[in-house]
Amino acid sequence: MLFKSLKVVFIAILASLSLSAMAGPNDPLFINLSTDETHRASMAINFGKHHSANGHPLTIFLNDKAVILGVKAGSNKFSDQQQALTEVITSGALVIMCPMCLKQAGYAESDLIAGVKLGSPKVTGDALFKDGTKTMSW
């Protein structure tokens, strides 16, 4: 039984090392952001911002409650997060708004802050399924 447990641990370590070795220094990062909690949203955006500055192409997908971060109506409560989104967009990141979530929240494409793109299967899929893409969610 001990040998079998050691074998499983050894295989797990070996697998994790081989997966780490396959991670590229410039793999794209896709962040799924669904919260309107200011601290959590800031963590997600800043996490992406730092990795983008280190050469990882960044996409932030705003959906569910995070819709408010990407619309003009959120400018009072979420000014810090909107400023951070503007900074990552300016530096080349793609910020995508979920169209169904936008509509559900009562907003239209004309309500988006500058630089935020309305998602579609192609726009979102091209970012999410790019070879080597790593994903995170807040």
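- Applying the side-chain hydrogen bond (donor to acceptor under 3.5 Å, both in side chains) rule to pairs touching residues 61-74 yields N32-N63, sequence neighbours excluded.
- At a threshold of 4.5 Å between side-chain heavy atoms, the hydrophobic network of Ile, Leu, Val, Met, Phe, Trp and Tyr places V71 and F61 in two separate groups.
- Sorted pairs that involve residues 95-117 and meet salt bridge (Lys or Arg N to Asp or Glu O under 4.0 Å), not counting sequence neighbours, are lacking altogether.
- For M100, the CE atom counts as loosely surrounded, since its 6.0 Å shell holds 12 or fewer non-hydrogen atoms of other residues, nucleotides or ligands.
- The OG atom of S79 sits 11.0 Å away from atom CG of L69, with the distance rounded to the nearest 0.5 Å.
- Within the model, atoms CD of Q81 and CG of N46 stand 9.0 Å from one another, a figure rounded to the nearest 0.5 Å.
- In this structure, L94 is not a member of the same hydrophobic cluster as L118, with clusters built from ILVMFWY side-chain heavy atoms closer than 4.5 Å.
- Residues meeting the salt bridge (Lys or Arg N to Asp or Glu O under 4.0 Å) test with E87, sequence neighbours left out: K49.
- Every residue two or more places apart in sequence or in another chain was checked for a ring pair (Phe, Tyr, Trp, His ring centres under 6.0 Å) with H56, and none qualifies.
- Across all their heavy atoms, I89 and A114 have their closest contact at CD1-O, 3.9 Å.
- Contact record, T133 with F30: CG2-CB, 3.8 Å, taken as the closest heavy-atom pair.
- Looking at every heavy atom in both residues, F78 comes nearest to D36 through CE2-O, 3.2 Å.
- How far CG of D80 is from NE2 of H39: 13.0 Å, rounded to the nearest 0.5 Å.
- The ring-ring contact (aromatic ring centres under 6.0 Å, His included) contacts involving residues 82-112 comprise nothing, where partners must be two or more places apart or lie in separate chains.
- Between T59 and L29, every side-chain heavy-atom pair lies at or beyond the 4.5 Å cut-off.
- Although no hydrogens or angles enter the test, the distance criterion places a donor-acceptor pair under 3.5 Å between the side chain of S91 and the main chain of V88.
- Distance CD1/I113 to CG/L62: 8.0 Å, rounded to 0.5 Å.
- Counting only residues at least two apart or on different chains, the ring-ring contact (aromatic ring centres under 6.0 Å, His included) pairs with a member in residues 116-138 are F47-W138.
- In this structure, D131 and P28 approach most closely via the heavy-atom pair O-CD, 3.8 Å.
- Hydrophobic clustering of Ile, Leu, Val, Met, Phe, Trp and Tyr side chains at less than 4.5 Å, counting indirect connections, unites M43 with V95.
- Considering OG1 of T124 and CD1 of I96, their distance stands at 4.5 Å, rounded to 0.5 Å.
- One hydrophobic cluster, built from ILVMFWY side chains closer than 4.5 Å, holds both L85 and I31.
- In this structure, the separation between NE2 on H51 and CG on D27 is 12.0 Å, given to the nearest 0.5 Å.
- The shortest non-hydrogen separation linking G55 to N26 is O-ND2, 3.0 Å.
- L58 and L128 are members of different hydrophobic clusters when ILVMFWY side chains are connected at heavy-atom separations under 4.5 Å.
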